2 protein chains.
Amino acid sequence: MSVTTLHRPTHRDALEALSAAFERGEMVTVFGRCTVEYDGRAASSLGAGDRLLILKPDGTALVHTDEQRTPVNWQPPGSEHRVAVRDGRLRVRSERESPAETLDVRFERVHQLSALPVTGGRAVDVHGSEEDLRQRILQNPDLVEPGFEPAATERETAAGPVDVFGHDDEGRPVVVELKRRRVGPDAAGQLGRYVEALDREVPDGAEVRGMLVAPSVTDRARELLAEKGLSFVSLAPAAADDGGVAGAASTASDADEA
Amino acid sequence: MSVTTLHRPTHRDALEALSAAFERGEMVTVFGRCTVEYDGRAASSLGAGDRLLILKPDGTALVHTDEQRTPVNWQPPGSEHRVAVRDGRLRVRSERESPAETLDVRFERVHQLSALPVTGGRAVDVHGSEEDLRQRILQNPDLVEPGFEPAATERETAAGPVDVFGHDDEGRPVVVELKRRRVGPDAAGQLGRYVEALDREVPDGAEVRGMLVAPSVTDRARELLAEKGLSFVSLAPAAADDGGVAGAASTASDADEA
DNA sequence: GGATGCATTTCGATA
DNA sequence: TATCGAAGTGCATCC
């Protein structure tokens with residue numbers, strides 16, 4: 001089993017090759033001059049030009065130009081690809097329902113078409129996520145604050161699940177919100193919502209404390225935290241020399257870094 | 001000028017073809033059995049398997065498997081691609097600074113390599129964005145509320161720029177936050193921050209009203225809006241029969257749709 | 001299927 | 001360059 005490639009195929013030959021590749025569950029690339037129309041959650045139109053179309057067996061469609069990481073047009077997994085020759089053009093239509101959306105790629109000319117038999121692992125191992133930061137804290141709660149004792153993760157509240165819930169050295173309830181990178185105003189708002197929600201749920205008079213744990217904060221976020229009486233702790237998912245991931249660690253309760 | 005393709009090239013031939021393609025500013029696809037290592041904002045590792053590597057002349061690198069819309073690994077535009085043969089493997093390294101990150105793709109075997117000369121438009125025309133929603137409201141402010149009079153867009157506040165600022169039929173200041181799709185708690189928080197900020201800036205006693213304009217809201221967002229005394233108006237970027245974009249329009253101040 | 005929040009989010013606009 | 005917010009965000013998870 002190997003790569004099948006057609007150079008400057010007729011539309012009819014391209015159609016047959018595409019159908020055969022779909023049948024075999026292969027990934028397909030089509031490079032050629034085309035227009036692209038999308039209609040669904042929004043609507044878009046793209047004039048003629050040379051682009052690379054990638055069709056995956058899971059229903060994903062990607063249209064790439066020679067710039068940007070993001071495809072200029074696409075269709076999510078779960079869509080259905082169909083091919084036809086109409087008005088002298090090779091039309092590839094990718095469609096899905098719920099939400100209803102359609103991607104139409106019309107090739108005036110196909111420069112190259114390849115069917116790629118893909119095998120092998122897809123599972124990528126990522127380090128330095130928010131989950132790693134949580135593990136780090138559960139292993140060493142003093143990083144949040146001396147005497148901090150975690151009680152639960154993903155604790156449910158009316159405002160949603162709290163990353164880490166616990167108590168400080170005086171027994172006061174503490175809500176910890178984790179972010180793997182520098183945070184803006186949204187994170188401060190999120191933490192505020194959690195604290196407010198728990199303030200109502202916790203019966204006894206003890207006030208709920210809120211702590212944002214992240215590598216750093218923006219000025220505006222810092223102001224918001226101050227207004228709401230929330231704290232910030234500078235901490236990254238992994239120490240710089242502990243996993244190759246950039247980011248310094250510090251436990252000063254009101255220090256951060258640019 | 002046309003597509004250059006190599007089938008099962010030697011690593012040395014692949015290296016030469018890649019270098020030549022970079023030189024010519026062409027986009028390149030490499031399909032083969034490889035491992036991938038990433039290190040930068042996070043870190044990741046991917047075992048051996050067949051994948052499609054796309055290298056763009058703007059410095060973008062994408063590694064795609066046969067599933068998902070999102071590449072399994074990537075490097076953003078502005079990175080620099082380099083090629084080498086080491087330890088019997090073809091190594092493609094894509095690197096950038098600020099933030100420092102590196103993507104390493106090591107091919108044990110290259111099934112196919114293509115250099116694609118890309119030309120033509122890249123500008124896609126998208127309809128149904130938040131900007132369209134704003135235009136719709138400026139054209140017909142009554143859609144927000146009878147008597148609403150827009151005064152400024154992107155009005156600056158201490159909490160950031162407000163989508164639309166204006167006054168109601170009684171002269172009270174109104175902050176309008178627009179969303180092109182169904183909104184959750186974050187949008188309610190965002191609007192709340194703007195209203196609070198303006199409440200301080202506006203000197204006279206008139207209380208600032210906040211209105212969230214979107215196709216619909218989630219329950220929790222609705223509760224948050226109620227708590228903060230903010231209103232909701234159901235409105236989509238375009239009427240369903242007005243631009244092919246899904247979404248109904250309605251001006252009921254406290255109605256929405258599932 | 002909807003809701004919620006993380007993401008190597010990406011991306012553009014702005015100060 | 002950093003900040004901020006939009007995006008056809010994508011995506012997993014939990015209900």
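Predicted, not measured: the structure shown is a model, and the values here were computed from it. Every chain is numbered from 1, with letters handed out A, B, ... down the list of sequences.
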Provide, to the nearest angstrom, the distance between the CH2 atom belonging to Trp74(A) and the P atom belonging to dA7(D).
11 Å

Atom-to-atom span, CD of Glu130(B) to C1' of dC4(D) - whole angstrom:
13 Å

Could you tell me how far apart Glu101(B) (CD) and dA7(C) (C1') are, to the nearest whole angstrom?
13 Å

Side-chain N or O of Arg220(A) versus OP1/OP2 of dA2(D): is the shortest distance under 4.0 Å?
no

Side-chain N or O of Tyr194(A) less than 4.0 angstrom from OP1 or OP2 on dT4(C)?
no

Does the side chain of Gln190(B) get closer than 4.0 angstrom to OP1 or OP2 of dA6(D) through an N or O atom?
yes

When rounded to whole Å, the CG to C1' distance for the pair Leu224(B) and dA3(C) reads 14 Å

Side chain of Arg41(A) only, heavy atoms from C-beta on: which candidate in dA7(C), dC11(C), dG8(D) is closest?
dG8(D)

Test item: Gln75(A) and Tyr38(A) side chains (from C-beta on) under 4.5 Å apart, heavy atoms
yes

Side-chain N,O (Arg181(B)) to OP1/OP2 (dA6(D)) below 4.0 Å
no

Quick one: does Phe31(A)'s side chain get under 4.5 Å of Thr29(B)'s, heavy atoms only?
no

Does Gln68(B) get its side chain close enough to the base of dG10(D), under 3.5 Å, for a donor-acceptor pair?
no

Return the nearest nucleotide to the side chain of Pro76(A); candidates are dT9(D), dA6(D), dG10(D).
dG10(D)

Between dA7(D) and dC6(C) - C1' atom distance, rounded Å:
16 Å

Euclidean distance, atom CG of residue Asp186(A) to atom P of dT4(C) [Å, nearest integer]
16 Å

Nearest-nucleotide 5' precedence on DNA chain D, Val183(A) against Tyr38(A)
Val183(A)

Side-chain contact test, heavy atoms from C-beta onward, threshold under 4.5 Å: evaluate it for Asp186(A) versus Asp186(B) and give yes or no.
no

Within the 4.5 Å heavy-atom criterion, are Phe148(B) and Val164(B) side-chain neighbours or not?
yes

Applying salt bridge (Lys or Arg N to Asp or Glu O under 4.0 Å) to Glu131(B) and Arg134(B), what does each step give before you reach the verdict?
CA-CA 5 Å; Glu131(B) 174 59 23; Arg134(B) 170 169 27 181; 2.8 Å; yes

Quick note, Pro185(A) side chain, CB onward, closest among dT8(C), dG5(D), dG8(D) is dG5(D)

Whichever of Ser44(B) and Thr70(A) has its nearest DNA chain C nucleotide further upstream toward 5'
Ser44(B)

Against the side chain of Arg193(B), the closest entry in dG5(D), dG5(C), dG8(D) is dG5(D)

Relative to the 5' end of DNA chain D, which residue comes earlier, Glu131(B) or Glu156(A), by the nucleotide with the nearest heavy atom?
Glu131(B)

Taking 4.0 Å as the cut-off, does a side-chain nitrogen or oxygen of Arg69(B) come that near to OP1 or OP2 on dG8(D)?
no

Does dC4(D) have OP1 or OP2 sitting under 4.0 Å from an N or O in the side chain of Thr218(A)?
yes

Which listed nucleotide (dC11(D), dA2(D), dG5(C)) is nearest to the side chain of Arg182(A)?
dA2(D)

Spacing of the C1' atoms in dA6(D) and dG10(D) (rounded, Å):
15 Å

Taking the C1' atom of each, how far is dT8(C) from dC14(D), in whole Å?
25 Å

Among dT8(C), dG5(C), dG1(C), which nucleotide has an atom closest to any side-chain atom of Ser98(A)?
dG1(C)

What contact category does Pro161(B) fall into here, base, sugar-phosphate, or nothing, at under 4.0 angstrom with non-hydrogen atoms?
nothing

